[in-house]
Each structure stands twice: as C-alpha cells, then as structure tokens.
Engineer: 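Below is a structure I'd like to ask you about.
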There are 2 protein chains.
Amino acid sequence: MDNAVAELEHDRDRLGRSSTAERVADILRDRIAEGFFTPGQRLSEEAIGAALGVSRNTLREAFRLLGHERLLEHRLNRGVFVRVLSAEDVADLYRVRRVIEGAAVRHSRDASSAAFAAIRDAVAEAERAAREDRWQDVGTANIRFHQNLAALNGSSRLDETMRQLLAELRLVFHVMDNPRAFHEPFVPRNRELLELLESGRVEEAGRALEVYLGDAEKLLVQAYTPRA
Amino acid sequence: MDNAVAELEHDRDRLGRSSTAERVADILRDRIAEGFFTPGQRLSEEAIGAALGVSRNTLREAFRLLGHERLLEHRLNRGVFVRVLSAEDVADLYRVRRVIEGAAVRHSRDASSAAFAAIRDAVAEAERAAREDRWQDVGTANIRFHQNLAALNGSSRLDETMRQLLAELRLVFHVMDNPRAFHEPFVPRNRELLELLESGRVEEAGRALEVYLGDAEKLLVQAYTPRA
DNA sequence: ACATAAGGATCGTTGAACAATTCGACAAGG
DNA sequence: CCTTGTCGAATTGTTCAACGATCCTTATGT
C-alpha cells in the first residue's frame, strides 16, 4: 500500500495549479498567440478587467506573469502593451536558438527513443497539416518540432527557456502576411534534419541546423526591415 | 557633445526602474543572496509587509517577481517560501551551464576586447579577495567571472538566463558550511581558463570547462546527498 | 509656430473587507 | 494507541474604493 501512496506524489504538482491570476494569464496568452491582440496594442486594466470579470489587482498579477514571459511590455505609469519585437530582438532570439538547439543536436547521441518519437510526431503532424493546407497548424507543428528538439538537452530549465523563446517568435510570425510562404519550405527540412539525427550523423546535422536557422532568420529580418 | 548625450542612453534603463514592487523585490533578492532568509523559510505577507512598510498587494507583486526568478516558491493558499533546491535541480543547473558556457567558449574567437576585459577583471578581483581571506567575496567574483564568460555569446537573453541561473546557484552555496573549501580551488582554474581563451586555444578551453563544471557539480551534489 | 498650462485618463499604491483554505488542537470512536 | 471528525485561529486569495502621481491631449497665450 505504501507504494500506491508514494505514486500519488507525482500528481502533487497539479494541486496548486489554479489561481485566478494564472487562469487569466492563460487566456491572455492564448489570445496573444492567436493574434487577437496585436503587437503594440495597449491592454487597458479597466477594460480587460471588466471584460473578464476580475479585479484590477488580480489582472495586474496576470500582467506581471506575462511580462516575465516577455509577451507583454510594462511601461511605468503607461500600462502594458503587447510586445513589439525589433530586428535586434529577432537576431537575439536566433542567437539563443543556435546555442540551445545546437547543443541539443550534440546531445542526440544519448537521447531516449521516446524523445525521438516526440520529434517524429511533430514532423508527421506538420506534413499532414501541409497536405491539408492548414498553414497555421503547420506553424504550430514546426514550433513543436523545435521544442522537442531542444528537449534532447534533457534540461527542464532549457525547455522552459525554449518555450518562452518560441512564444516570443510567434509574435513575429503574425507579422508575416503570407504564412504558407514562411512555413512550407521548412517542413521537408525538418524531416531531413530528423533523419540525420536518427542515423547518427551528428556533425552533418549540426551544419544543417546552422544553415536552417540562418535561412529562417533571414526571412524574418527581411519581413521586418522594409518598414525601417 | 552629441557623443556625451549618446552615452546617456546607457542609463535609460534605470529611469523606469522605480516601482515600489521592484524595489521591494530588490531588497528581498539581496537578503536571500546574503543568506538572511534561508532556503525553506516561509515569508509572511503580514510580517514583511509591516517591516518594509508596504501594503500586502504591493508585496505580493514583489513575491511574483521573485517567484519567476525561481528564488521563491509560491504554494497556493500556503504562502511563499525561499526556494529549496534538490540534487536534481543542481544537476539541471549544471546541464544549462555546460550548454551556455560551452557555447560562450566557442564564441570567444570573435569576442570584443572589452568583453575579455570584463572577464579579466573578475579573475583579478577573485584573486585579490582570496589573498585577503574574504571568501564570500571570492564567491561573488567567481560568479561574475562566469556571468561575463557567458556574455561572450553576445545575447542579452542568454545573459538574463545566466543571471537567474547564478542567482539560483547562490541558494545552494549557502548550504555549504565551508565557503573557502568550495571557492578557493576555482580561483586559479578561472585564471587558467582565461589564458586558454586569450591565447585562442578554444578546443582546449572547452575541455577544461567541461572538467571544471563537472568538478564543481560533484562538490555541490556531495554537500547535498548526505542528508538524504 | 512654439512653449506653457490645464484637464482628463490611466496607472501605482494603499487599506480594508470578506471568502476560501490551511493547520493544529482536541474530542469521539474503534 | 491510532484513526477520524470537527472546530477555531491564522493566513492567504480576491475584490473594492479611494487618492496621489504620472502621462497624454488639448486649449491657451505669446
């Protein structure tokens, strides 16, 4: 019986998981990800508080949460705004990706088969969505691909960093007017990268990743600089 | 004159730097770093609010800030506690360090001389503090050494990640009963690592770093497991 | 056209209040 | 003796109303 009780401890995390502020943050996070709130838009404490039926204090806690995820920007005495990423931000995000995903590739030698299965799933999902012209979903699957790739590092903190990073990148994706043109080319390249990893050609995969990220960054920066 | 004005922009960050919640967070962060609050200790909203003369709402915002830095742990309806790191946490922190600092070493080829100067400063400061038996300061200087080493990546986001990581590690340092035994051996090794970098022997530096981090992690884990 | 001042809107912070939850103590029952 | 149910104190979660501080806009005067 002691064993059965001991197993319950795995579920302990789920107990603390529901304060109003966190649920509000979840809602706002989704709204930002889906583009309902656009970058640069100001989020009024009063308006949103009234709309969601929570007090200003609770809403402010939710804002604080999303601010630390860099999805919102908090300007003193001026309110919170949906983050606007600069070209420099994009460059920085890709510097981090090269570091984390590059290390993930090098860790692929001693990764579990379950970790590879997760990556394979994401690739398959992207291919399926691409066949069915669901380009928004292709983008989501691509993001999952890179999230699972980064997970090869085996570090929960790097997973968290990666999740935040990809959430930030999603802010930029919404600026792209043509989602297909941006996401489509990377579907076969994800497949390619996966096969290099599974066949153990680590150095080759590392070089492919560098080119991959370089191309993706270039596309994003080009979509940004025109207005400068 | 334009140059003088341009230089002022570096201080711009500090302007927005003054909400009460953030200042409270700064105070608590320092207190935690110096060991005034010990891991596992509960921080009462009422007691601390009264002591600092701020309202509960403001204090709770400060708690949120530190919670996202993983210095405090927030348990629903039970309050906030100074974070207690497990052996698994230590292992995870060192996984991240290997990734970030390892990448930093590889970036050292095209790093500015100013970046190297910052590292050299930290090494010199550690040596000075060691000569004067200020072992707490040696630890602080060692942390600065690694912070500046990570800065070779040239990414503000990785800098931020590294700052949080090192703040978490400081939580563990306070568990060590003999700070000298833990910090002293690494002072000459920092010097060694710096010289490898400055002479361009990157691969060698990478291997030295791996050993370095492996040794440091082992020391910490040993200090942890006895009580298990 | 420009600087200045007034006004309105919004944020930052406080203090109080009440509901919800936790925790320890103590009594009842097996 | 151990377990279980219940109560009450203490603490947190959340809301609300209020006031000063700050920013933005607009009107005013030169």
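The basis for the numbers below is simple: all heavy atoms, side chains too, and nothing from hydrogens, waters or symmetry mates. So you know, we letter chains A, B, ... as the sequences are listed, proteins then strands, and number each from 1.
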Engineer: If you measure from the Lys or Arg side-chain nitrogens to the Asp or Glu carboxylate oxygens, is any gap between B/D26 and B/R23 under 4.0 Å?
Structural biologist: no

Engineer: Which whole-number value in Å describes the distance from B/R56 CZ to D/dT15 C1'?
Structural biologist: 11 Å

Engineer: Who passes side chain to side chain contact (heavy atoms under 4.5 Å, CB included) against B/E88, sequence neighbours left out?
Structural biologist: B/S86, B/A91, B/D92, B/R95

Engineer: Can you sort out which residues in residues 59-75 of chain A have a heavy atom within less than 4.0 Å of DNA chain C? Ascending by number, please.
Structural biologist: A/R60, A/H74

Engineer: With respect to the phosphate group of C/dC11, does any side-chain polar atom (N or O) of A/R42 fall under 4.0 Å of OP1 or OP2?
Structural biologist: yes

Engineer: In terms of side-chain geometry, is the basic nitrogen of A/R60 or A/E45 positioned less than 4.0 Å from the acidic oxygen of its partner?
Structural biologist: yes

Engineer: Does A/S44 place a side-chain N or O at less than 4.0 Å from the phosphate oxygens OP1/OP2 of C/dT10?
Structural biologist: no

Engineer: Nearest whole angstrom, please: distance from the P of C/dT14 to the CD of B/E46.
Structural biologist: 15 Å

Engineer: Salt-bridged, B/D89 to A/R157, with N to O below 4.0 Å?
Structural biologist: yes

Engineer: According to a strict under-4.0 Å criterion, is B/S55 in side-chain N/O contact with OP1 or OP2 of C/dG15?
Structural biologist: no

Engineer: Indicate yes or no: does A/E160 engage A/R163 in a salt bridge with an N to O separation below 4.0 Å.
Structural biologist: yes

Engineer: So, B/R97 and B/E217, do they make that salt bridge, N to O below 4.0 Å?
Structural biologist: no

Engineer: Whole-Å distance between C/dA17 C1' and A/N57 CG?
Structural biologist: 13 Å

Engineer: Just how far, in rounded Å, is P of D/dA17 from CD of A/E45?
Structural biologist: 16 Å

Engineer: Can B/E125 and B/R120 be counted as an ion pair, charged N to O under 4.0 angstrom?
Structural biologist: no

Engineer: Does B/R98 pair with B/E101 as a salt bridge, N-O distance under 4.0 Å?
Structural biologist: no

Engineer: If I compare all heavy atoms of A/L169 with all of A/L93, which pair ends up nearest, and what's the gap?
Structural biologist: CD2-CD1, 3.8 Å

Engineer: Given D/dT14, C/dT13, C/dT10, identify the nucleotide with an atom nearest to the side chain of B/S19.
Structural biologist: C/dT13

Engineer: Distances under 3.5 Å only, N/O to N/O: pair up the protein atoms with those of nucleotides 21-25 of chain C.
Structural biologist:
| unit_1 | atom_1 | unit_2 | atom_2 | d |
| --- | --- | --- | --- | --- |
| C/dT21 | O3' | B/N77 | ND2 | 3.3 |

